[in-house]
There are 2 protein chains.
Amino acid sequence: MGRLGEFELLVLLSILRQRAAPYANRVRDDLEANADRRVTRGALYRTIDRLCEKGLLEWELEPSETPDRGGHPMRRLLVTAEGLEAVERTRDVLQRFMRGLDPVLGPALEEGLDA
Amino acid sequence: MGRLGEFELLVLLSILRQRAAPYANRVRDDLEANADRRVTRGALYRTIDRLCEKGLLEWELEPSETPDRGGHPMRRLLVTAEGLEAVERTRDVLQRFMRGLDPVLGPALEEGLDA
DNA sequence: GCGTCGGAGTCTACATTGTATTCCACGAAC
DNA sequence: GTTCGTGGAATACAATGTAGACTCCGACGC
């Protein structure tokens, strides 16, 4: 199976964190605020497209509830079962490799972040 | 600062795990055994080169101790302070985003792996 | 000695992923 | 009706990841 790139993983994780409001721009804000990185719209939409093509992500138009501001209906992003699995696999590998490295890396952070 | 790609991170982490024997092929074996992925020599050396160019990694020729088998002296890989910092930053971000996702992702693995 | 095997490392070309830029549409505010 | 903010699309390009064939050299067997 195709691996997840670093950014792809972050995007998927951020979508999962949004729970109630999984929209592209929420993800963007989340990433900019919490991932110490700039995120251009192009980068994000491109990545979303690719994740969709790979079947790891889907979207549906927001049920007209909040056409809020702006013309476009918002897309609600949904991580598929396959996407979830990919995230899990990646996380497990990463954690396996980070395990036992606290002495050399310094301990993991303990702060509580919003969900 | 340049971000770490997925593979770059894994390589750096694996080098750190090798402690006593940080050689390219050890890293390769480690990755193939524990990261559920094929690693060709090309991919690995290419990545090592790039990490060196970015100043995240250095190497020195093995002090002739073990010219073992084969002609080439082995390169001992050393993660620089800057490299360590990059790994830490990446880890912190990742952990921040994974935090609180256990309910949706399933709990992290608990197995004890070699170091 | 000579061939060839296997380990260690290199090179080149290519595929995938990541990023910046620029553009369009629509509604609201003015 | 012009401008601004929000949501999205398309394009082109840069960085990262992968494959495969190639070199070099010591060990082994003959």
Side-chain angles (χ1 to χ4, degrees), chain A residues 1-12 14-15 18 21-29 31-32 35-54 56-57 59-77 86 90 93, chain B residues 1-12 14 18 21-29 31-32 35-57 59-77 86 90 93:
Chain A
M1 262 303 305
R3 324 248 144 244
L4 288 178
E6 186 242 352
F7 190 49
E8 292 179 322
L9 175 60
L10 242 29
V11 168
L12 249 20
S14 180
I15 292 172
Q18 304 304 320
Y23 308 113
N25 282 339
R26 301 284 150 283
V27 168
R28 186 173 177 232
D29 296 342
L31 256 22
E32 295 221 323
D36 183 35
R37 127 194 332 255
R38 267 201 75 211
V39 178
T40 55
R41 258 116 39 86
L44 182 56
Y45 284 114
R46 202 89 185 50
T47 299
I48 287 175
D49 288 351
R50 267 196 302 253
L51 289 172
C52 285
E53 280 162 19
K54 292 198 278 188
L56 306 180
L57 187 61
W59 53 272
E60 57 187 22
L61 289 181
E62 186 57 24
S64 76
E65 289 254 38
T66 14
D68 267 323
R69 8 183 83 254
H72 281 265
M74 290 200 292
R75 298 193 301 184
R76 166 175 286 264
L77 303 170
T90 304
V93 168
Chain B
M1 261 300 305
R3 324 246 146 245
L4 287 178
E6 186 242 353
F7 190 48
E8 291 179 323
L9 175 61
L10 242 29
V11 167
L12 249 20
S14 180
Q18 304 305 321
Y23 307 114
N25 281 342
R26 295 325 189 71
V27 168
R28 184 173 180 232
D29 294 343
L31 257 21
E32 295 221 322
D36 184 30
R37 136 205 311 267
R38 269 200 74 211
V39 178
T40 55
R41 258 116 38 87
L44 183 55
Y45 284 114
R46 209 84 188 50
T47 299
I48 287 174
D49 288 349
R50 266 196 300 250
L51 289 171
C52 286
E53 279 161 20
K54 291 198 279 188
L56 307 179
L57 189 60
W59 52 272
E60 57 187 23
L61 288 181
E62 185 57 23
S64 76
E65 290 252 37
T66 13
D68 268 323
R69 8 183 81 254
H72 280 264
M74 289 199 293
R75 297 194 301 185
R76 165 175 289 262
L77 303 170
T90 304
V93 168

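The sequence lines fix the lettering, A, B, ..., with proteins before strands; numbering per chain opens at 1.
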Between [X] ([atom1]) and [N] ([atom2]), how many Å, whole number?
X	N	atom1	atom2	value
A/Arg3	D/dA15	CZ	P	24 Å
A/Glu32	C/dT19	CD	P	12 Å
A/Arg76	D/dG8	CZ	P	13 Å
A/Leu44	D/dG8	CG	P	9 Å
B/Glu6	C/dT16	CD	P	15 Å
B/Arg41	D/dC24	CZ	P	15 Å
A/Arg50	C/dT16	CZ	P	11 Å
A/Leu4	D/dG17	CG	C1'	14 Å

Closest approach of B/Val39 to B/Arg28 (non-hydrogen atoms, all atoms of both residues) |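 Heavy atoms only, the tightest pair is O-NE, 2.7 Å.
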Assign [X] to base, sugar-phosphate, or nothing according to its heavy-atom contacts below 4.0 angstrom with the strands shown.
X	answer
B/Asp49	nothing
A/Gly42	base
B/Arg26	nothing

What's the closest nucleotide to the [X] side chain, out of [options]?
X	options	result
A/Glu8	D/dG17, C/dG18, D/dG8	C/dG18
B/Arg46	C/dT12, D/dT16, C/dT19	C/dT12
B/Arg75	C/dA8, C/dT12, C/dT10	C/dT10
B/Thr40	D/dT6, D/dT18, C/dT21	D/dT18
B/Ala24	D/dG17, C/dG9, D/dG8	C/dG9
B/Phe7	D/dT18, D/dT6, D/dT16	D/dT18

[X] vs [N]: side-chain N/O to OP1/OP2 distance below 4.0 Å:
X	N	value
A/Arg28	D/dG7	no
A/Tyr45	D/dG8	yes
A/Lys54	C/dT17	yes
B/Asn25	C/dA8	yes

field: Flag if over 12 foreign heavy atoms under 6.0 Å of CZ, A/Arg50
entry: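 Atom CZ in A/Arg50 is crowded, with more than 12 foreign heavy atoms closer than 6.0 Å.
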Say you draw a straight line from [atom1] of [X] to [atom2] of [Y]; how long is it, rounded to the nearest 0.5 Å?
X	Y	atom1	atom2	value
A/Ile15	A/Leu10	CD1	CG	11.0 Å
A/Thr90	A/Glu6	OG1	CD	12.0 Å
A/Asp29	A/Ser14	CG	OG	9.0 Å

Do the charged groups of B/Arg3 and B/Glu8 touch, with an N to O distance under 4.0 Å?
->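 Not counted as a salt bridge, because no side-chain N and carboxylate O are separated by less than 4.0 Å.
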